[in-house]
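The next block holds one structure in the form of structure tokens; read it before the comments.
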Amino acid sequence: MENIIDTYRNRIKAMGYEPRRQEEIPDVMAAYCEAIANCKIEGLELVSDDHSFCLLLVETQIPVDVAIGLAQDYNRDVLSRQKLAA
């Protein structure tokens, strides 16, 4: 089975979207770091693929509205793969 990050990297490459402006990247990274801190406060621990997925969204400069949909799909895919592995 293809690595989930590679699956999403290929999916993003095939999408047509207008990337974020470069000057927005520091704010996006700050929001990502804040989200990680909030997860830890809530007792949720992100795994390596979760970090890789979030960084993929930042690196590809994907717009927030597109990223939200992809994140929802990613979470469903992760849960589905976990159920299949069990």
Side-chain angles (χ1 to χ4, degrees):
M1 181 180 288
E2 183 179 34
N3 175 295
I4 194 165
I5 302 306
D6 291 336
T7 299
Y8 277 87
R9 185 182 322 281
N10 292 332
R11 184 173 168 185
I12 289 169
K13 282 181 186 176
M15 297 173 79
Y17 63 88
E18 188 172 327
R20 283 191 215 116
R21 297 185 324 256
Q22 282 291 89
E23 53 271 7
E24 295 174 346
I25 300 301
D27 290 337
V28 172
M29 283 302 295
Y32 168 60
C33 291
E34 183 177 337
I36 291 172
N38 288 337
C39 285
K40 288 183 179 185
I41 289 169
E42 294 175 18
L44 302 172
E45 200 60 41
L46 299 177
V47 296
S48 158
D49 279 347
D50 298 337
H51 288 288
S52 296
F53 176 75
C54 291
L55 290 175
L56 175 65
L57 296 179
V58 172
E59 290 168 3
T60 56
Q61 299 176 331
I62 203 142
V64 173
D65 58 333
V66 178
I68 290 169
L70 287 171
Q72 291 169 339
D73 291 348
Y74 170 82
N75 288 330
R76 275 192 295 272
D77 286 349
V78 167
L79 291 174
S80 175
R81 289 174 187 226
Q82 288 173 346
K83 287 179 184 175
L84 289 175

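Just so it is clear, the values below take in all heavy atoms, side chains as well, and ignore hydrogens, waters and symmetry mates.
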- Task: Report the residues that fulfil side-chain hydrogen bond (donor to acceptor under 3.5 Å, both in side chains) with Ser52, sequence neighbours left out, ordered by chain and then residue number.
- Result: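 Counting only residues at least two positions away or on another chain, Ser52 forms no side-chain hydrogen bond (donor to acceptor under 3.5 Å, both in side chains).
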
- Excluding sequence neighbours, so at least two apart, what forms salt bridge (charged side-chain N to carboxylate O under 4.0 Å, His left out) with Asp73?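 Testing Asp73 for salt bridge (charged side-chain N to carboxylate O under 4.0 Å, His left out), a comparison that skips the adjacent residues, returns Arg11, Arg76.
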
- Message: Just to verify, what does Glu23 make a salt bridge (charged side-chain N to carboxylate O under 4.0 Å, His left out) with, not counting sequence neighbours?
- Response: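 Testing Glu23 for salt bridge (charged side-chain N to carboxylate O under 4.0 Å, His left out), a comparison that skips the adjacent residues, returns Arg21.
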
Suppose we screen for side chain to side chain contact (heavy atoms under 4.5 Å, CB included). Which residues come up paired with [X], at least two apart in sequence or across chains?
X	value
Asn38	Glu34, Ile41
Ile25	Arg20, Gln22, Met29, Val58, Gln61
Asp6	Glu2, Asn3, Arg9

- Message: Which Ile, Leu, Val, Met, Phe, Trp or Tyr residues join Ile12 in one cluster when any pair of side-chain heavy atoms under 4.5 Å counts as a link?
- Response: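 Ile4, Ile5, Tyr8, Met15, Tyr17, Phe53, Leu56, Leu57, Ile62, Val66, Leu70, Tyr74, Val78, listed by chain and number.
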
- Residue pairs involving residues 50-65 (criterion salt bridge (charged side-chain N to carboxylate O under 4.0 Å, His left out); sequence neighbours excluded):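 Output for this query is empty, none listed.
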
- Query: Roughly how far, to the nearest 0.5 Å, is OG of Ser80 from CG of Asn75?
  - Reply: 12.5 Å

